[in-house]
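The block underneath contains the structure these notes are about, expressed in structure tokens.
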Amino acid sequence: MREGRQTVTAVVHEVDRYRESFARLEAGAAAKGWAWFQPVRRDAMARFADLGFPTVRDEDWRFTNVAPIAQTAFAPAPDWGITPAPRDLVPFEFPGLAGSRLVFVNGRYAAGLSSLGPLPAGVTVTSLAQAFPAHPDLLQAHLARYAEYHQDAFTALNTAFVEDGAFVSVRRGTVLEEPIHLLYVSTQTPAPVITHPRNLIVAGEDSQVTVVEDYVSLGDGVGFSNAVTEAVVGQNSVLSHYLIERESPQAFNVSTLRLHQGRSSSVTSHAVLLGGALVRNNVHPVLAGEGGDCLINGLFLATGRQHVDNYMKVEHASPHCGSRQFYNGILDGQSHGVFHGRIIVHKDAQKTDAKQTNRNLLLSEDAQIDTKPQLEIYADDVKCTHGATIGQIDEDAIFYLRSRGIPKESARGLLLFAFAGESLQRMKVEAIRTHLEALVAQWLPQGAPLEDVR
Amino acid sequence: MLEITNLHVKAGGREILKGVDLRVNAGEVHSIMGPNGSGKSTLAQVLAGRETYEVTAGKVTYQGRNLLEMAPEERACEGLFMAFQYPVEIPGVGNTYFLKAALNAIRKARGLEELDAMDFLTLAKEKMTRLEVDDRLLTRSVNEGFSGGEKKRNEIFQMAVLEPRLAILDETDSGLDIDALRIVAAGVNSLRSPERAILVVTHYQRLLNYIVPDFVHVLVDGRIVKSGGKELALELEAKGYAWVEGEARAAAPATA
């Protein structure tokens, strides 16, 4: 009994911390021309206060204990701060990629570090804070209309505390060939800082756009990036989204990607997760229009005591849509990986074709993976398949390679790189893929090849 | 080149080789024949360095060095090559990348310059033409989705590229049609030279019509029970393994 009461007290306390900073933010934000958004903000804060942080008793969080996040007294990012020098950001450039780059430092847009390339007419790339006064119609039509802040505590928290992020809008019939790189930089701060990046992507009918969300750290600070991206993908348009998590091994990251897909739209979501202490990657496409399809492709690599949770929720809400999920994980040390793949096929979504594959390699005795498919099918003429594998590195293959003269460590590196390559080769933008291949090769044990092994 | 003395090998607690003696000189082709379960493949795998087998007694000298102390990759770099009975599929690793990495590892060990992609491709194409190997093999993952025959040809192709000093063929002929068999044999025969030795492990005599051995050894129950020239293979073909097994059983009490 006593224990129960103490727990309740602790939960109230965790939420109270955010109540206080919310009151300060609310007073300040109203003055910045966000008046119409204030009711949403308040609603989201109220929802967060009701929901509290999830616990492992919550089915969607069964394998991930967020107590380290709940119990840390994060401060909002200070207004003042250390602005990184441009050279500090050089390692995060994609050689050969010429598009626009928006840089955010501790959650706030840093114009001085950003570069906007020449954009075709009909394309808007700006910070969300600037978009509030400049594009009120689009924001009112879409912001917080898709991401489920009524159900999800982290989305509620983000929605309550929104201050900045990226706004990308591509007008009907417009093709933007160069990817837009959104770089979120966490700097070393004296106290743990929480940021709530919020991105809105609006791709009009027949348009095409590629967006890269990239989370990095300068220094080893304990920061928490609680990001939400909403993408509205119009009829017959094409969106490619990349998520790269390469923050410090002390960082917390919860990223939610909510995709709203129109008729015959095509979305690819790629994720490469290497960094962070506790990472939750939510990908939630809703195939709202007939004939849409999405490819959800990811690679997660963890070692030490890292915890990486991939939570997929693929909703088929219309007929004749296709979805493909491919996630590969490599887990070393005492790391813990999670793949939770939900597929929901609504009543009217006949002729759905949904497929899910999760493959995992465990490199150590203490590494752990929980993989869970969850199919909820309410239509009767659908095709849904799922499969998961958990295994060790193939010793027969190692021997085969060694018997041809390839040293043991190189053989291991080669096999791991090939396994990771299954995910990487689905990434079509060469400059991004090449950069990611190098990142993955660096992560792998000594001897991993840096050239194309296929 | 290779000298095996009183080799005893265990796998999973069971003794499989029970004292094998064999001497192979440069320039010679030896064939090891035997019924299923006699230990032929175990012998080949132990020579290649497979760690799942436990050598409990005996020694193996290769080019004057203790072979059993060498890592598999070291053996390869010293010119030993085993064509696998069951080549492994390695998805995601291209045949070209794999073979170039292997060749360059071996060249490096021999103090030769590493080949770049262009030079490697020229060499690979030349060997492929000679061995009638489809060059689409190069663009595919190692053995992935290959037919049985393609896998065996790929082994011979690798052998041709790596140019070993001692080649061990572990039942390379099993499951091959006559065309594939001829190609495999041609690959092996083109390797024959006074500096090289070849050990052909086989269940069937058929391959030996194409690769004519200098010596034939019959392995039964973990021991070489009979050795002879190429005519021994024909005798085996005519009389079957029961013949030597019977002889071996008759001889066993005397040697025990």
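What you see is a predicted model; the values in this text were computed from it and never measured.
In terms of non-hydrogen atom pairs under 4.5 Å with chain A, the most contact-rich of B/F81, B/Y86, B/F84 is B/F84.
Using a 4.5 Å cut-off between heavy atoms, B/P87 touches chain A through backbone and side chain atoms alike. With a 4.5 angstrom heavy-atom cutoff, B/Q158 touches chain A only via side-chain atoms. With a threshold of 4.5 angstrom between heavy atoms, B/N104 does not approach chain A through any atom at all.
Enclosure of atom NZ in A/K313 by more than 12 non-hydrogen atoms of other residues, nucleotides or ligands within 6.0 angstrom is indicated. Heavy-atom neighbours of B/R136 CZ from other residues, nucleotides or ligands within 6.0 Å: at or below the threshold of 12. A 6.0 Å sphere centred on CD of B/E144 holds more than 12 heavy atoms belonging to other residues, nucleotides or ligands.
To the nearest 0.5 Å, the span separating CD on B/E155 from OH on A/Y400 amounts to 3.5 Å. To the nearest 0.5 angstrom, B/I168 atom CD1 is 10.5 Å from A/S403 atom OG. With rounding to the nearest 0.5 angstrom, the CG atom of A/L415 is 6.0 Å from the CD1 atom of B/I90.
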- Message: Working note: B/V88 + A/F399, criterion side chain to side chain contact (heavy atoms under 4.5 Å, CB included); need CA distance, chi angles, decisive distance, verdict.
- Response: CA-CA 9 Å; B/V88 184; A/F399 177 63; over 6 Å; no
- Residues A/F417, B/V93; criterion side chain to side chain contact (heavy atoms under 4.5 Å, CB included); working and verdict: CA-CA 9 Å; A/F417 195 71; B/V93 178; over 6 Å; no
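The shortest non-hydrogen separation linking B/L162 to A/R404 is CD1-CD, 3.9 Å. The shortest non-hydrogen separation linking B/A105 to A/G405 is CB-O, 3.2 Å. Closest of all the heavy-atom pairs between A/A418 and B/P91 is CB-O, 3.7 Å.
Taking 4.5 Å as the heavy-atom cut-off, the residues of residues 50-69 of chain B that approach chain A are B/R50, B/E51, ordered by number. Among residues 188-202 of chain B, no residue has any heavy atom closer than 4.5 Å to a heavy atom of chain A. Interface residues of residues 112-133 of chain B toward chain A, defined by a heavy-atom distance below 4.5 Å: none.
Salt bridge absent: A/K408 and B/E74 never bring a charged side-chain N and a carboxylate O closer than 4.0 Å.
For A/H241, there are no ring-ring contact (aromatic ring centres under 6.0 Å, His included) partners two or more places apart in sequence or in a different chain.
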